[in-house]
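What follows is a single structure, written as structure tokens, with notes after it.
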Amino acid sequence: MCGRYNLVTDAQALVDFFDVAMAIDPVFVPRYNIAPTQFVPIVRDQGRGRDLLNARWGLVPHWSREGETKYSTINARAETVAEKPTYRASFRHRRCLVPATGFYEWKAGDNGKQPYQITLAGGGLLAFAGLWDRWIGQEGELFSFSIVVTAADASMQGLHERMPVMLEPKDYSTWLTGSGDVVSSLLRPHGQNLELRPVSRYVNSPAHDDPRCLDPV
DNA sequence: CCAGACGTTGTT
DNA sequence: GTCTGG
DNA sequence: CCAGACGTTGTT
DNA sequence: GTCTGG
């Protein structure tokens, strides 16, 4: 699963790395502790080049009555994303990249749960496979997204059973604008070398969003 | 037919 | 114990 | 994901 | 909007 992540970079690096043509919401600050319901940048391609848009983590389907869900939509299972009513249409027509520099998992132990940060070995930006939707209500429109998760491979070193689908740069365009089997074939681990490091329990509180979230244990 | 759900993970 | 908020 | 709340009425 | 349960 992926219930917390970070995006420690600057706006220009995001635009460069993801080849963004249009920054719709250019305001951006480094994020050390991104929690569900918060607004963070996603990358889309609506046919006129890639755009960067702030969206809410936790997908609200366009047909939602209340503009919220009573169930969790922060993750979508790769195994069923093509069929589930909440994700099906977004999987076919509204895929996105979710920029990140790492994500967090908690491992239960004798002394309670220990948070770990997972990054690419060597660091750098990565992209989770994401789905987005737009809900329209009286208060205006709400853009939101979900992160696709799959069975963890050996790179997770047994830390957790599930992990986000992390796309490679060569597959970004296919994920954003492809269709059919070629898109479905990306719903799997991509073999990146990952680095897992225990970090301070400071990260536990969603109210904390500063470099101390990455403090060594 | 209408009403109601629509999700994931981990733990018991 | 379970739901909501971040 | 974790942290924190979890309720009602009457009065200001 | 679309599927499932009754």
Side-chain angles (χ1 to χ4, degrees), chain A residues 1-8 29-41 54-94 98 100-119 128-137 139 141-153 156 158-166 187 189 194 196-210 212-215 217:
Chain A
M1 190 173 189
C2 179
R4 212 78 76 80
Y5 68 99
N6 61 42
L7 180 54
V8 183
V29 295
R31 294 297 309 276
Y32 294 86
N33 193 7
I34 295 165
T37 73
Q38 296 179 345
F39 283 78
V40 280
N54 281 333
R56 178 193 187 268
W57 186 13
L59 186 147
V60 177
H62 61 88
W63 41 258
S64 168
R65 287 180 175 272
E66 306 294 331
E68 58 185 285
T69 59
K70 285 193 169 181
Y71 52 96
S72 177
T73 54
I74 63 174
N75 293 148
R77 290 177 61 85
E79 297 89 335
T80 54
V81 75
E83 293 103 42
K84 292 288 186 179
T86 297
Y87 303 123
R88 179 179 172 178
S90 287
F91 175 63
R92 286 173 69 120
H93 305 295
R94 293 180 291 277
V98 182
T101 46
F103 64 100
Y104 300 102
E105 293 290 358
W106 281 257
K107 186 183 180 69
D110 296 336
N111 298 324
K113 287 187 171 184
Q114 173 62 53
Y116 286 73
Q117 182 196 209
I118 299 94
T119 59
F128 300 143
L131 312 172
W132 66 274
D133 208 344
R134 182 180 67 149
W135 179 84
I136 304 172
E139 309 86 24
E141 56 187 1
L142 172 70
F143 289 91
S144 59
F145 72 96
S146 183
I147 295 170
V148 181
V149 294
T150 188
D153 67 359
M156 283 293 283
L159 178 69
H160 207 74
E161 300 276 322
R162 310 285 299 174
M163 68 179 191
V165 172
M166 289 172 273
L187 295 172
L194 303 180
L196 288 58
R197 187 172 68 79
V199 293
S200 169
R201 282 179 165 81
Y202 184 79
V203 75
N204 284 16
S205 173
H208 296 157
D209 186 16
D210 62 71
R212 293 166 64 188
C213 291
L214 303 179
D215 279 352
V217 176

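To find a chain, count down the sequence lines: A is the first, B the second, and so on, and within it residues start at 1.
Atom name C1', nucleotides D/dT9 and B/dA5: the rounded distance is 35 Å, in whole Å. Distance check on atom P: D/dG7 versus B/dG4 gives 23 Å, rounded to whole Å. Comparing the P positions of D/dC2 and B/dG10 gives a spacing of 10 Å, expressed to the nearest Å. With both ends at atom C1', the span from B/dT8 to D/dC1 equals 11 Å, rounded to whole Å. With both ends at atom C1', the span from B/dT11 to E/dG1 equals 34 Å, rounded to whole Å.
No side-chain donor-acceptor contact under 3.5 Å links A/D209 to the backbone of A/R31. At least one donor-acceptor pair under 3.5 Å links the side chain of A/S64 to the backbone N or O of A/E68. Side chain of A/R92 to main chain of A/Y87: no donor-acceptor pair is present (N/O by atom type, distance under 3.5 Å, no hydrogens or angles). Between the side chain of A/N54 and the backbone N or O of A/F39, no donor-acceptor pair lies under 3.5 Å.
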Quiz prompt | Secondary-structure notation, DNA chain B, from Watson-Crick and G-U pairs under 3.5 angstrom (| other strand) | solution = ||||||......
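Using a 4.0 Å heavy-atom cutoff across all strands shown, A/T80 reaches sugar-phosphate atoms only and no base atom. Within 4.0 Å (heavy atoms only), A/F103 reaches no atom of the nucleic acid at all. Across all strands shown, A/A89 has no heavy atoms under 4.0 Å from either base or sugar-phosphate atoms.
Around atom CD of A/E66, no more than 12 heavy atoms belonging to other residues, nucleotides or ligands sit under 6.0 Å away. Within 6.0 Å of the CZ atom in A/R197, the count of heavy atoms belonging to other residues, nucleotides or ligands exceeds 12. For A/R201, the CZ atom sits in a packed shell: over 12 heavy atoms of surrounding residues, nucleotides or ligands are nearer than 6.0 Å.
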Quiz item: For nucleotides 1-6 of chain D, read 5' to 3', which letter fits each nucleotide if B means a protein heavy atom sits under 4.0 Å from the base, S means only the sugar-phosphate is that close, and - means neither?
Solution: BBS---
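Inspection of the A/Y202 and A/N33 side chains reveals no N or O donor paired with an N or O acceptor under 3.5 Å.
In this structure, the salt bridge (charged side-chain N to carboxylate O under 4.0 Å, His left out) partners of A/R134, at least two apart in sequence or on a different chain, are A/E141. When the salt bridge (charged side-chain N to carboxylate O under 4.0 Å, His left out) test is applied to A/R77, the partners found at least two apart in sequence or on another chain are A/E79.
Separating the CD atom of A/E161 from the C1' atom of B/dG10 is a distance of 10 Å, rounded to the nearest angstrom. The distance between atom NZ of A/K107 and atom C1' of B/dG10, rounded to the nearest whole Å, is 13 Å. Remark: P of B/dT8 and CG of A/L59 are 11 Å apart, rounded to the nearest angstrom.
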Got a list of protein N/O to nucleotides 1-6 of chain E N/O distances below 3.5 Å?
| residue | atom | partner | partner atom | Å |
| --- | --- | --- | --- | --- |
| E/dC3 | OP1 | A/R88 | NH1 | 3.1 |

Self-check item: Evaluation steps, side-chain contact (heavy atoms from CB on, under 4.5 Å), between A/L187 and A/T150
Solution: CA-CA 7 Å; A/L187 295 172; A/T150 188; over 6 Å; no
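Contact check for A/F103 versus A/P164: side-chain heavy atoms found under the 4.5 Å cut-off. Using a 4.5 Å heavy-atom cutoff, the side chains of A/Q117 and A/L214 are in contact.
If you check residues 128-135 of chain A against DNA chain E, you find no residue with a heavy atom closer than 4.0 Å.
The aromatic ring centres of A/Y5 and A/W57 sit less than 6.0 Å apart.
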